[in-house]
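Take a look at the structure below.
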Amino acid sequence: MTRARLHRRLIGTALCVALMVGCAPVGPDFVSPNSPIVKQWIEVNSPTAGQSGLTSRSAPVVKWWETFNDPTLNKLIAEAYAQNLDLQVAGARVLQARAQLGIAFGELYPQSQAIGGSIERRQISENLGPISDINRIIPLDTEFSTSQVGFDAQWELDVWGQQRRGVQAARSNLALQVANYDDALVTLTGDVAALYVNIRALQESLTVARENIRLQQESAELTELRFNNGVTTELDVQESTALLNNTKALVPELESDLQQTKNALAVLLGTTPSRMTNLLGNSGRIPSARSNVAVGVPAELLRRRPDVRAAELAAATQSAQVGIAMADLYPQFILSGSIGLQASGGRDLFSSASTTGLANAGVVWNVLNYGRIKNNVRAQDAAYQALIANYQNTVLTAYSEVESAMVAYAQSRKQVGFYEKSVAASRKAADIAVDQYRDGIADYSRILNTQTALLSSQANLIEARQQVSSNLVAVYKGLGGGWQIRQNQEFLPQTVLAEMAYRTDWGDLLQETPTRASLN
């Protein structure tokens, strides 16, 4: 066969392939699952909505932590975004999914392609003797060589759309990994803010405990003085001592909780606990946000929350897997061919007479599979149905989380008002009790009760203020805010991208391809 005839046959076969590949892929085309629809938030539209501080008239802010007007919190969020290692794990999976999408695209083309060459020299036994025919004896060459070079390819035709479904699955998986990254970022910003609020609350609790220790120390000294002067009994001294030491015992526990919370925050920041004192200082106040909080409308929630998008994309990825499994029910059409040069010895290898080629079309159909292929389709379909239910459950959970955070935020705001009045009254009562005890009008039990009530009221107020801020963080986290800060940014820090680009050729899958000099 001449080279021209071989080329014409290969071109003709390729045209037939193009017509066959045009068939629609088997399996279901993904349609977004039905989900419950909520028209309005319960708390925003309640009769006491004006007191809740929540409004649906505008969309939630993206950088919601800035509404607390706390520079330290802003700095912590920025550092966590830049250094958190769990976030880097999610970012690396995005890059992995990008590469896997490239692999899936490659399956649309000949799956096996190879250029090869060889040269062979062989010697056979001289004792085999000559080869004879009717008229003459042909002496046998005991030493000869052959050489060849060629290109081989094999292509499983995508008649039933198996490879195209693979591309769909890989594309959905890439979007899924991006959504998972966004969800990790939402969780990260919310957790950093919540831990920061807790740290400030513990610092305030320590300040209050030390103030009460000072107040109770003065009362204890007063009982000692009155006892030494014979004005009162030892009972007052012992009661004041017990109260003082009970309050002092609060400090070690608060300091332990504070350090443990700092350690947890250090992990989120991707740093060591030793840096936390410099970042946070030794004292601070619980951050409070603006009075009116924009929460938008429920319809926006499904677009904003990354975990909802991730649940939908997981179902889309599995939908394509159903089609991939169904394609195995049908015959596979395989086209293979080779073209090259072959000659005895190397002298004539590149002459026109050395051309060799092969074109082959075949069919493979796995018919005796004992129901394994059908059961695999059923298994993939069941997994798809499970992910549909998971998506619907994720939507319901999202609505529930937001509603719960809203009602908790609104009610904790009310608590703050009550406890503020309680603290003011308790402080005044404690001062009156001390004055009356000093003047001999009241016994020490009045001081004991009022100072105990003051400490309890102050602790309750701190906890209520902490709950207001923590519940507001939960509202913003439930609304899915914060992930937008990664837009127009790569999914890994530039230093990490530089290391990866130096280690491996990532081509255009990374924004930059730094040289080794940039790593030093």
Side-chain angles (χ1 to χ4, degrees), residues 25 27 29-30 32 80-113 155-156 158 161-189 270 303-325 327 380 383-384 387 390-391 480 482-516 518-519:
D29 292 324
F30 178 73
S32 182
Y81 174 52
Q83 299 177 176
N84 180 263
L85 296 178
D86 284 338
L87 194 62
Q88 290 186 27
V89 171
R93 287 174 179 158
V94 173
L95 300 186
Q96 180 183 4
R98 286 182 186 172
Q100 289 170 337
L101 178 58
I103 295 173
F105 270 118
E107 292 294 325
L108 294 173
Y109 303 95
Q111 292 85 16
S112 174
Q113 307 168 65
W155 189 3
E156 180 185 338
D158 192 26
Q162 190 172 44
Q163 282 77 33
R164 281 170 286 169
R165 291 296 189 193
V167 172
Q168 290 177 4
R171 186 181 284 114
S172 296
N173 181 62
L174 174 56
L176 168 61
Q177 297 308 320
V178 172
N180 284 337
Y181 178 92
D182 292 344
D183 188 43
L185 186 51
V186 169
T187 300
L188 175 64
T189 55
R303 296 190 297 269
R304 287 174 55 89
R305 278 192 55 140
D307 61 332
V308 174
R309 298 201 310 271
E312 181 178 4
L313 289 165
T317 302
Q318 184 59 34
S319 173
Q321 292 295 332
V322 176
I324 292 173
Q380 298 299 330
Y384 175 44
L387 289 172
N390 178 69
Y391 166 76
W483 62 267
Q484 296 88 342
I485 62 174
R486 65 88 180 157
Q487 291 180 324
N488 301 320
Q489 302 290 329
E490 191 44 280
F491 292 92
L492 288 173
Q494 289 300 323
T495 54
V496 176
L497 294 175
E499 293 175 2
M500 294 178 66
Y502 171 68
R503 185 172 62 241
T504 305
D505 179 13
W506 276 85
D508 59 357
L509 294 185
L510 301 182
Q511 286 187 343
E512 296 182 5
T513 307
T515 61
R516 181 168 186 170
S518 65
L519 298 175

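Residue numbers count from 1 along this sequence.
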Which value, rounded to the nearest 0.5 Å, describes the distance between [X] atom [atom1] and [Y] atom [atom2]?
| X | Y | atom1 | atom2 | answer |
| --- | --- | --- | --- | --- |
| Ser172 | Leu101 | OG | CG | 10.0 Å |
| Arg98 | Asp508 | CZ | CG | 9.5 Å |
| Tyr81 | Leu188 | OH | CG | 10.5 Å |
| Asn173 | Thr317 | CG | OG1 | 5.5 Å |
| Tyr181 | Asp86 | OH | CG | 12.0 Å |

**Side chain to side chain, Phe105 and Gln100, heavy atoms closer than 4.5 Å** = no
**Message:** Is there a side-chain contact between Leu95 and Leu492 in this structure, where contact means two heavy atoms from C-beta onward sitting under 4.5 Å apart?
**Reply:** yes
Could you pull out the closest heavy-atom pair between [X] and [Y], with the gap in Å?
| X | Y | answer |
| --- | --- | --- |
| Ala184 | Ala90 | CB-CB, 4.4 Å |
| Ala311 | Tyr391 | CB-CA, 3.8 Å |
| Leu497 | Glu490 | CD1-CG, 3.2 Å |
| Pro306 | Ala179 | CB-O, 3.4 Å |
| Arg305 | Asp307 | NH2-OD2, 2.7 Å |

**Asked** Could you walk me through whether Leu87 and Leu185 pass the side-chain contact (heavy atoms from CB on, under 4.5 Å) check?
**Response** CA-CA 7 Å; Leu87 194 62; Leu185 186 51; 3.8 Å; yes
**Message:** Under the criterion side-chain contact (heavy atoms from CB on, under 4.5 Å), I'd like the reasoning laid out for Val496 against Gln88: C-alpha separation, chi angles, the key distance, then a yes or no.
**Reply:** CA-CA 9 Å; Val496 176; Gln88 290 186 27; 3.8 Å; yes
Does [X] use its side chain to pair, donor to acceptor, with the backbone of [Y] at less than 3.5 Å?
| X | Y | answer |
| --- | --- | --- |
| Gln380 | Ala325 | no |
| Gln177 | Ala175 | no |
| Trp483 | Thr187 | no |
| Thr189 | Val186 | yes |

**Message:** Here's a test for you: under side chain to side chain donor-acceptor pair (under 3.5 Å), which of Arg165, Arg171, Arg164 qualifies with Gln168?
**Reply:** Arg165
**Prompt:** Stepwise, does the side-chain contact (heavy atoms from CB on, under 4.5 Å) test hold for Leu174 with Val94?
**Reply:** CA-CA 6 Å; Leu174 174 56; Val94 173; 4.2 Å; yes
**Message:** Any carboxylate oxygen within less than 4.0 angstrom of a Lys/Arg side-chain nitrogen, looking at Arg303 and Glu312?
**Reply:** no
**Asked** Between Arg309 and Asp182, is there a salt bridge with N-O shorter than 4.0 Å?
**Response** yes
**Message:** Could you go through Val178 and Arg486, starting from their C-alpha distance and side-chain angles, then the distance that decides it, and tell me whether this counts as side-chain contact (heavy atoms from CB on, under 4.5 Å)?
**Reply:** CA-CA 11 Å; Val178 172; Arg486 65 88 180 157; 3.4 Å; yes
